[in-house]
Amino acid sequence: MNNFTYLRATDANSAVNLLAANSTQGAAARFLAGGTNLVDLMREGIETAHALVDITRTPLADVHQLPDGGLRMGALVRNSHLAAHPLIREKYPLLSQAILHGASAQLRNMATTGGNIMQRTRCYYFYDTASRCNKRAPGSGCDAMEGFNRIHAILGTSPQCIATHPSDMCVALAALDATVNVTGPAGERSLPFSEVHRLPGNTPEIDTNLKPGELITSIDLPASTAGLSSVYRKVRDRASYAFALVSVGAAIKIDNGTIQQIHLALGGVAHKPWRATIAEQLLRGADATSENFAKAAEAELALAIPRRGNAFKIELAKRTIIAVLSELTANEGARQ
Amino acid sequence: MPLAEVILCCKSKTNWSAMTTFTETQSIVLQVNGARKNLSIEPRVSLLDALRDYLHLTGTKKGCDQGACGACTVLVDGERINSCLALAIQYEGCDIVTIEGLANAGELHPLQQAFIDQDGFQCGYCTPGQICSVVGMMTEFGKGAPSAVTKDGTANSELTEEEVRERMSGNLCRCGAYVGIRDAIKQVYGGRQQ
Ligand SMILES: Cc1cc2nc3c(=O)[nH]c(=O)nc-3n(C[C@H](O)[C@H](O)[C@H](O)COP(=O)(O)OP(=O)(O)OC[C@H]3O[C@@H](n4cnc5c(N)ncnc54)[C@H](O)[C@@H]3O)c2cc1C
Ligand code: SF4
Ligand code: FES
Ligand code: FES
């Protein structure tokens, strides 16, 4: 790991100012939260920041109710605390479930909401500095295309990059219509969750639509997605402590067998947490039947592009969508 | 209990300086097993390396150095973390406990005794991390924190074998001593209710 200047921020403004003051062209400065991704990437020589601004002592670590009935979660709330928070468990159990399906208890005690959103891909070639990787070294090529690509993306890929965003938490935030609040050198702004992460296109080196130097301060969840029945299901190579091959998060409201509200997102399939808008559109107002679930899953995956190692993900994603929606329908039936 | 209290416990203490800036070797103070330790380190030194190479507390082990095995598990303000992904400088002012800090006046911690009684190890390399992890797990369980297999809404959730497996999945054992580890946990905490 290269050596670096360590700076400690006391609040959001000092964090933004310290980062700006220590950023020079070509030499990056980074915010340091739980460190579970950044320290790892620095040790591997993939991140080479010359200054780290520690944001863990900023007062951005609380969860509180918003006047409209929604919830605001600070960017520095640890993943384990968020998953255990009574308001999250009561109003947005999908978020709690998704977080608890990620990483390990130790890592969740360190990881933060902001860091989880901003974590980078686990593509093996991105991690191996001897490989060609357009994300790590733009224009160098992509060794994943014809390599071991079992864990790679099937939706929204580009000829430049087929990496996935590895987060579980973000699948829930995508499904639940979260908003991300940021502050930066140019002031404060808010982004709908669907606009935070990018598809790779011709610039896979850019993961998100945050501008350089912008700090996530909090994430909001709206009242409209509170209290829905939900299921998070993660399919992986071992039962715990492994990244998703495919995951599905869904929150639903069914009335007399008709789907009134549906929020559906997938993990492990794309460069961003994948909101299944095509399936949602087909299902909203439709009968909650397995035929309709199958049709919606089919439509959502119609544009999937398989590679040699990951074609199985298309069928896996369809089956997982159907399984989750069937489980939710059974749960709703039992409740009525 | 307000959530901020849990999160900010070590951050709200006063024995750390605001706006620290340094690149070169610096003196910092870490609170380890109840004692204040002075050490001179660069900011890139991990908490794991600070404990092992600078403070000579070699009970905490380095397995993968990338968060994937749990051998480096220590307790910070009572919570278990992977010290390999922690920069030591980030933990100034926090209360750090390692395997060396669990025994009380020469008397083994009940879990240490149980690991011996139940053959909770073979080579012993993962054991310090396993034991610190169980201590952290029981604190989490005692506070009512859920796991991925906890059925929400169930009162008095019990520390079942399924719960132990899920909650301890962050600690791998290359020797496969899992059955003994499970039995050691059962010996001390069996039947515990949340
Ligand atoms: C072995 C292992 C297994 C894992 N398994 C899973 C899994 O199954 N599922 C899963 O979802 N995740 C998994 N993870 C990833 C883990 O969830 C992330 O590493 C973690 O969430 C990152 O959060 P952090 O606070 O530690 O971020 P850091 O490492 O501190 O930061 C990560 C990045 O985010 C930036 N950043 C941090 N906070 C902010 C902010 N407020 N504003 C702007 N930028 C910010 C940093 O500059 C850095 O670039 C695993 C990690 C490991 C090591
Ligand atoms: S898939 Fe993306 S991250 Fe992986 S090697 Fe190709 S360009 Fe790099
Ligand atoms: S050495 Fe830290 S998790 Fe393996
Ligand atoms: S006892 Fe050898 S690794 Fe666990």
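Residue numbering restarts at 1 for every chain, and letters A, B, ... go by the order of the sequence lines.
Across every non-hydrogen atom of A/Thr36 and B/Leu85, the tightest pair is O-CD1, 3.4 Å. Taking all atoms of both residues into account, the shortest heavy-atom contact from A/Ala83 to B/Pro146 is O-CG, 3.8 Å. A pairwise comparison of heavy atoms in A/Ala239 and B/Glu166 identifies O-OE1, 4.5 Å as the closest pair. Between A/Arg89 and B/Gly144, the shortest heavy-atom contact is NH1-O, 3.1 Å. Considering every non-hydrogen atom in both B/Cys84 and A/Arg43, the closest pair reads O-NH2, 2.8 Å.
Atom OG of A/Ser80 sits about 5.5 Å away from atom CD of B/Glu79, to the nearest 0.5 Å. Put simply, CD1 on B/Ile89 and CG on A/Leu52 are 11.5 Å apart, with the number rounded to the nearest 0.5 Å. For the atom pair A/Phe4 CZ and B/Leu87 CG, the distance stands at 5.0 Å (nearest 0.5 Å). Distance CZ/B/Arg44 to CE/A/Met1: 8.0 Å, rounded to 0.5 Å.
Of the possible donor and acceptor atoms, one in the side chain of A/Arg57 sits under 3.5 Å from a partner among the backbone N and O of B/Gln90. No donor-acceptor pair under 3.5 Å is formed between the side chain of B/Asn82 and the backbone N or O of A/Gln106.
Near-neighbour residues of residues 117-141 of chain B relative to chain A, defined by a heavy atom under 4.5 Å from a heavy atom of that chain, comprise B/Ser133, B/Glu140. Within residues 63-70 of chain B, the residues having any heavy atom less than 4.5 Å from a heavy atom of chain A are, in residue-number order, B/Asp65, B/Gln66, B/Gly67, B/Ala68, B/Cys69, B/Gly70.
For the options A/Asn37, A/Asn2, A/Ile99, A/Leu38, heavy-atom pairs under 4.5 Å to chain B are most numerous at A/Asn2.
The 12-atom threshold is exceeded at CZ of A/Arg122, counting heavy atoms of other residues, nucleotides or ligands nearer than 6.0 Å. Within a 6.0 Å radius of CZ in B/Arg182, more than 12 heavy atoms belonging to other residues, nucleotides or ligands are found.
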I would like to know whether B/Thr150 and A/Leu100 meet side chain to side chain contact (heavy atoms under 4.5 Å, CB included); could you show each step before the answer?
CA-CA 10 Å; B/Thr150 307; A/Leu100 292 170; over 6 Å; no
Residue pair A/Ser240, B/Val149: steps toward the side chain to side chain contact (heavy atoms under 4.5 Å, CB included) verdict:
CA-CA 10 Å; A/Ser240 185; B/Val149 300; over 6 Å; no
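Of the two parts of A/Glu44, only the side chain, counted from C-beta on, holds a non-hydrogen atom closer than 4.5 Å to a non-hydrogen atom of chain B. Interface residue B/Ser147: only backbone heavy atoms are found under 4.5 Å from chain A.
Residues A/Asn3 and B/Pro43 meet the side-chain proximity criterion, which asks for heavy atoms closer than 4.5 Å.
With sequence neighbours left out, the side chain to side chain contact (heavy atoms under 4.5 Å, CB included) criterion links B/Ala86 to A/Met110, B/Leu47, B/Ile81, B/Tyr91. Remark: B/Arg167 pairs with B/Glu163 by the salt bridge (charged side-chain N to carboxylate O under 4.0 Å, His left out) rule, at least two apart or across chains.
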